[in-house]
Structures are given as C-alpha cells and as structure tokens.
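None of the values given here were measured: they were computed from a predicted structure.
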Amino acid sequence: MVVLVLAMLLCLGLGLAVVLVVAVPARREGRDVLTPRGEEVMARVRERTESVAAVTKGRAGDLVSAARDRVGETRPGKGGSSAGPSV
C-alpha cells in the first residue's frame with residue numbers, strides 16, 4: 001500500500017513539474033496554453049456550468065421552501081402545548 005501511495009505522489013510530482021516547466025513560462029510570455037478548439041470547449045463548459053448552477057439554485061430554493069412549509073405544518077404553534085400532538 002505504501003508503494004502505491006509513493007507511486008501516486010511521484011506521478012503527481014512529475015505532472016506538476018511538467019506544468020511548471022511548460023505552461024507557466026508560456027503563459028507569462030502571453031501565449032495561450034490551449035488551442036483555439038480548447039478555448040471553445042472551455043467557453044462552452046463555462047456557459048453550461050453557469051446555466052446548470054442557476055437552475056440548480058432555483059430548484060434548491062423551491063425544495064427548501066417546501067421543506068420549511070412541511071416542518072411548519074408539523075410543529076406545534078407558539079400558543080400550543082409543547083407536550084406533543086394531541087390525540
């Protein structure tokens with residue numbers, strides 16, 4: 001198990017070294033790291049992420065409201081008995 005973890009850390013270190021040696025200097029010189037097609041893909045992913053986040057936020061708000069309504073229906077009122085529901 002230790003060998004596996006060490007191998008994974010070695011791969012992570014090699015990947016980080018490649019990024020530091022290739023991508024960072026290229027970015028500093030003003031060159032794009034991605035190809036034009038890669039930039040298009042990233043733009044589409046960004047747009048989809050924003051739209052999915054907006055839809056999810058709206059649905060989550062609806063679910064929270066529904067849950068609050070249900071909890072409010074089952075909880076006794078402020079003037080009611082705290083002993084629980086009456087039979």
Less than 3.5 Å apart, which donor and acceptor atoms pair up between the side chains of residues 1-30 and the rest of the protein, not counting sequence neighbours?
unit_1, atom_1, unit_2, atom_2, d
Glu29, OE1, Arg31, NE, 3.2
Glu29, OE1, Arg31, NH2, 2.9

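Hydrophobic cluster membership of Val52, counting Ile, Leu, Val, Met, Phe, Trp and Tyr whose side-chain heavy atoms lie under 4.5 Å apart directly or via other members: none, as it forms a cluster of its own.
With sequence neighbours excluded, no residue forms a side-chain contact (heavy atoms from CB on, under 4.5 Å) with Arg48. A search for side-chain contact (heavy atoms from CB on, under 4.5 Å) contacts involving Val45 returns Val41, Thr49, not counting sequence neighbours.
Note that the CD atom of Glu40 and the OG1 atom of Thr35 stand 8.5 Å from one another [nearest 0.5 Å]. In this structure, CZ in Arg46 is found 8.0 Å from CD in Glu39, a value given to the nearest 0.5 Å.
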